[in-house]
Structure formats: structure tokens, C-alpha cells
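I have placed the structure first, in the form of C-alpha cells, so that the comments after it can refer back to it.
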Amino acid sequence: MRNALPQAVSRRQILGAAASGALAALEAGRAEAKEGRHTSMIGVPFAAHSVVRVGLIGCGGRGMSLLNDLLGIEAVSVRAVCDIVAEKVAAATEAVTRAGHPPPAGYARGDHHFEQLVLRDDLDLVYVATPWNWHVPMAVASMRAGKHVAVEVPAANTVAECWALVDTSEKSRRHCVILENCCYGATERMVLRMIQAGLLGELHHAEAAYIHDLRGILFARDGEALWRRAEHLKRNGNLYPTHGLGPVALYFGINRGDRFTKLVSMSSPELGLTAYQKATTEPRDPRRSERYACGDMNTSLLKTALGRTVVLQHDVVSPRPYDRNNLVSGTKGCFRDYPPRLFLDGQEGHDWQSIDAYRKEWEDPLWRRLGEAARSSGHGGMDYIMSWRLVECMRLGLPPELDVYDAAAWSAPAELSEKSVASGSEPVGFPDFTRGLWNERRTGQEAGV
Ligand SMILES: NC(=O)c1ccc[n+]([C@@H]2O[C@H](COP(=O)([O-])OP(=O)(O)OC[C@H]3O[C@@H](n4cnc5c(N)ncnc54)[C@H](O)[C@@H]3O)[C@@H](O)[C@H]2O)c1
């Protein structure tokens, strides 16, 4: 077995630097909010772009996948790429030139070299696909440098970080889009259309989850293992809320007529990672001394202003099949995913029906149009559709479909669940990141969500 010490040292360095960067970004955001007026970014259109010039920060597993999607979209020009690992910048550069584009500028000189990338004058949009602690410093720096930013999930780890994104977006007049690809799944987009057409009646309850056995990834020697397992050492709550919550928030029209008002959370005991550690590492492996704080299954219950409820779960350490739950219940019926199925009022018996019969009528127009091209991309095609639609909104001068208020509302359960768990499951209030505009009707997005 290889010596794991260099890996442990570099992880500490990465997290330490990220934490100080996040703090600086927070202070900058607060100072800006104090000075400036809070003018909402809801419904603010992009300027129309004939070409969308993109810079990418983070060329790891996710960044390379996003890059390949972007390279397959007309009117995208990737001008700059950044990673702390020079070989990853080289691989990203190679991917760009292989796709027939000029080589992008490379930034590989340390943790803060991204600060130079965002200052370039030939970028419209920055994609951020780095470890969680870097999302907010990078997003804030991008917006302050006049660029729109698209951030991987969760967009932020704490409520203060969520506010830093909101404050900076409002002050800079730049959008902070959350790259919540699950909102662009074929099923999610179709169910959203069915809900908007009233097929499920009035909605009252939903269930969302991120249940994905990541034990092998968390204990690998590279990629996410370098930073993600460390989150389980110090935090106990829902570390990754947005894949489940994003689609459900759109079903409920969160920030578009409803909002989350409070959350209460419980965690089951921590067992899974410790069992995996014991079963897969040698006694002298430094990882053997790690003690994990995060309970295996975290369950939160969210309440909305309209009185509706959401059960939100997170478990990445148990042997069970992948599941985002994706359940939504209304006065006329219920949809539940994995596999996608439906029960409509008046139906005989107690069995679900497959949703397949509804696909012809209710398939999302984007999927109908792009499905073939999309299917070879990440996560069954949802990734390509997400980036394609963001680029289209920028080309046509539309508002983004997912904005900074979505990024904040869907990411906030991370810290809120931790707080509730730490307090013995007391309810915690949910900030209104829209500053009172959650009930406004959206305009200019009729074609999208
Ligand atoms: N939406 C999805 O389906 C999905 C899937 C996977 C990962 N993600 C998210 O994408 C992000 C990245 O995950 P990943 O799987 O690619 O992890 P990864 O570890 O493979 O890649 C992260 C990359 O960021 C680089 N990096 C770290 N600090 C940096 C800095 N200061 N400046 C520049 N580069 C830096 C690392 O060297 C690495 O190459 C995470 O937020 C993760 O949650 C989302």
C-alpha cells in the first residue's frame, strides 16, 4: 500500500487555504452589501451574446465533463482553464484543441491563480467545478470581476456564504447560476410540465434525497477523496442537499410563489464509513485514525410559507441503490421516481402506473429537440441540456432559469441541518434570500422553468 501522508498534508493545505479564501469573500460580500442597495436579480436578463466566452476553474472529474459538454455547444468559446494541478490544465487544453478550438490560456500556479483568470477581459461566464470550500470565493471573485458565474453543487456550505453570493450578485449585477443538473433530467423536466398543467392538482408534500453509495470514491487515492471525506470528519447533517431539493423546489415554485420557512433535522448514527474504513484500510494507514462525525442518514423536514412539507435525505455511505426519491404529492395524484411512476385520482387499486405512457404528450421540448445529442453526455444527458440551456439564455438575452436565490435556498439546508442536528433537532428558521420577493411572478422565463 502506498504511503498516504502526502495526500493528507495536501488536503489540509487545500482546506486551510480555501477556508481563509471563503472568509475573505464573506467579508468582502458583507462590506459590499452594507454600502450598496439591494436590487434584486430576479428576472434580470443577460445581455444577448453572439458567442459565450467561458473560463473554467477546476479541471477534475466534474470540470472535464462540463468542459466536454461546453465544447459540443455551438457559440461557446472556452478561453481559459485553471487548476492547481498542471497536468489537469494540460488535459483540459488538449480537450479544447482536440475539439478544433484555439488553445485556451492556462492557469496552474497555485490556489489563488484563479484570481487572475477572472480578471481577463475576454470572458463572459466562469464555470466553477472545484471542491466545496472554493465555490464561494471563486464565485464572488468572478462576479466582482464583472463575469457571470455558474457554480457546481452545493453552491455554498453555510448560510453566510449563501448571503455572500446573493449580496455580490445584487451588487455586481452579475448572475450566479447553480449548476444543478438534476433539474434538467428528462423525468424532472417532464414532471414539472405535468405539474404546471395541473395534472397532480394542488401540491402539498414532496420528498427529495441524495442516496448514493460513495464509499469507494471517498476512500480512493485521488479525485474527490482528496477533499470530500474530510467533510465527514467535522460536519453532521446534509452535506449535499441540492440534487434532490432543486427539482422539488421547482415543482413547488420556491422563490416563485412559495418559500422554505423552517427546517428540522435528525441524523442516524455514524456507522458506514467507519465500517468501510476498517474493512478496506491497513492498520497503519493514516486514514485509520479518522473519526467521522456525519451520521449515515440525515433526514430533514422542511416547511414552506404555503404550509407544504418536504422530506430531504442524505446518505452516501450505505450499501443501497442510487435514489433521489423525487416524490411529489397533490390533490389529484402522486409522482414517485426510481423508477418513475404515477398514481392519479380515480385510478383503480393500489398499484403505481408507469410514467411511460405520458412521455409522448408531456416530454420536455428541450429533450425532444436535443435528447439524441445529449444522451452521450454526463448523467444520461441532463448535464448537456443544462449547459445548452444556460448558453441559450445568454445568447438570446433571457434571464437564467436558475439564479442566485435558487443557489442559496437549495444550498442553505447544509448548514441549517447541521445546526438543527447539533441542537438536538430544534427547528431552525430558513432565511428569505429574495428579501421578500419570493411571492412575485417571474417574467421572461415562460419557455423554461
Ligand atoms: N452536478 C453533478 O452531478 C456533480 C458531479 C460530480 C461532482 N460535482 C461537484 O463538482 C465539484 C468538483 O467535483 P469533482 O468530482 O470534479 O472533484 P475533483 O476533486 O475531481 O476535481 C476538483 C478539481 O479542483 C481542483 N482545485 C482544487 N482547488 C483548486 C483551486 N484553488 N484552484 C483551481 N483548481 C482547484 C483540483 O485540483 C481538482 O482537479 C464539487 O463541487 C462536486 O460536488 C457535481
Side-chain angles (χ1 to χ4, degrees), residues 1 4 7 11 60-66 129 131-132 152-154 157 179-188 207-248 265-282 285 287-288 290-300 310-327 336-341 377-383 410-411 413-414 417-418 421:
M1 181 158 286
Q7 175 188 328
R11 190 184 66 227
R62 185 62 181 156
M64 287 302 285
S65 173
L66 290 166
W132 300 340
E152 259 307 336
V153 298
N157 302 299
L179 289 171
E180 188 34 87
N181 47 338
C182 297
C183 295
Y184 288 86
T187 299
E188 285 83 349
E207 298 179 20
Y210 185 66
I211 293 170
H212 188 182
D213 181 2
L214 295 179
R215 291 173 301 169
I217 286 173
L218 291 172
F219 271 87
R221 289 293 187 185
D222 53 13
E224 294 197 346
L226 300 183
W227 52 271
R228 192 163 176 166
R229 196 175 70 256
E231 302 282 344
H232 289 253
L233 290 167
K234 55 185 182 181
R235 301 170 61 192
N236 185 8
N238 188 328
L239 309 186
Y240 203 63
T242 72
H243 279 336
L245 193 56
V248 156
S265 189
M266 295 182 194
S267 286
S268 73
E270 188 292 307
L271 298 171
L273 267 195
T274 297
Y276 193 83
Q277 173 205 58
K278 294 222 160 17
T280 61
T281 58
E282 304 285 347
D285 188 319
R287 296 174 295 179
R288 199 62 176 246
E290 293 177 349
R291 297 289 171 264
Y292 307 108
C294 199
D296 292 2
M297 171 65 85
N298 174 264
T299 304
S300 301
V310 180
V311 172
L312 175 65
Q313 295 191 306
H314 174 265
D315 181 350
V316 295
V317 297
S318 298
R320 54 180 285 190
Y322 184 96
D323 196 341
R324 293 199 301 273
N325 206 333
N326 194 20
L327 178 148
R336 203 254 190 250
D337 214 336
Y338 301 92
R341 52 211 138 124
S377 95
H379 299 108
M382 59 169 75
D383 297 0
W410 306 352
S411 303
S417 62
E418 289 176 63
V421 168

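Just so it is clear, the values below take in all heavy atoms, side chains as well, and ignore hydrogens, waters and symmetry mates.
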Side chain to side chain contact (heavy atoms under 4.5 Å, CB included) between Tyr240 and Arg228, intermediate numbers included = CA-CA 11 Å; Tyr240 203 63; Arg228 192 163 176 166; 3.7 Å; yes

At what distance, to the nearest 0.5 angstrom, does [atom1] of [X] lie from [atom2] of [Y]?
| X | Y | atom1 | atom2 | answer |
| --- | --- | --- | --- | --- |
| Leu245 | Asn325 | CG | CG | 12.0 Å |
| Cys182 | Asn326 | SG | CG | 9.0 Å |
| Leu179 | Glu152 | CG | CD | 5.0 Å |
| Asn181 | Arg62 | CG | CZ | 4.5 Å |
| Tyr210 | Arg324 | OH | CZ | 9.0 Å |
| Asp285 | Gln277 | CG | CD | 8.5 Å |

Carefully, step by step, assess Leu239 and Trp132 under the rule side chain to side chain contact (heavy atoms under 4.5 Å, CB included).
-> CA-CA 10 Å; Leu239 309 186; Trp132 300 340; 4.0 Å; yes

With a 4.0 Å cut-off, would you call Asp296 and Arg215 a salt bridge?
-> no

I need the minimum non-hydrogen distance between [X] and [Y], along with the two atoms involved.
| X | Y | answer |
| --- | --- | --- |
| Leu218 | Ala225 | O-CB, 3.5 Å |
| Asn298 | Ser417 | OD1-CB, 4.0 Å |
| Ala414 | Arg235 | CB-NH2, 3.7 Å |
| Ser65 | Asp383 | OG-OD2, 4.1 Å |
| Gly295 | Ser267 | CA-CB, 4.1 Å |
| Val421 | Ser265 | CG2-OG, 3.6 Å |

Do side-chain atoms of Arg287 reach the backbone of Phe219 as a donor and acceptor pair under 3.5 angstrom?
-> yes

Hey, does the side chain of Glu180 reach the backbone of His243 with a donor-acceptor pair shorter than 3.5 angstrom?
-> yes

Could you tell me whether the side chain of Arg320 reaches within less than 4.5 Å of the side chain of Met297, counting heavy atoms only?
-> yes

Would you check if Asp337 and Glu188 make a side-chain contact, meaning some heavy-atom pair closer than 4.5 Å?
-> yes

So, His232 versus Tyr292, ring centres under 6.0 angstrom or not?
-> no

Asn238 and Ser300 side chains, donor-acceptor separation under 3.5 Å | no

Hey, mind stepping through Arg229 and Glu290 against side chain to side chain contact (heavy atoms under 4.5 Å, CB included) and telling me if it holds?
-> CA-CA 10 Å; Arg229 196 175 70 256; Glu290 293 177 349; 2.8 Å; yes

Whether Tyr322 and Tyr338 hold their rings parallel, tilted or perpendicular, with breakpoints at 30° and 60° = tilted

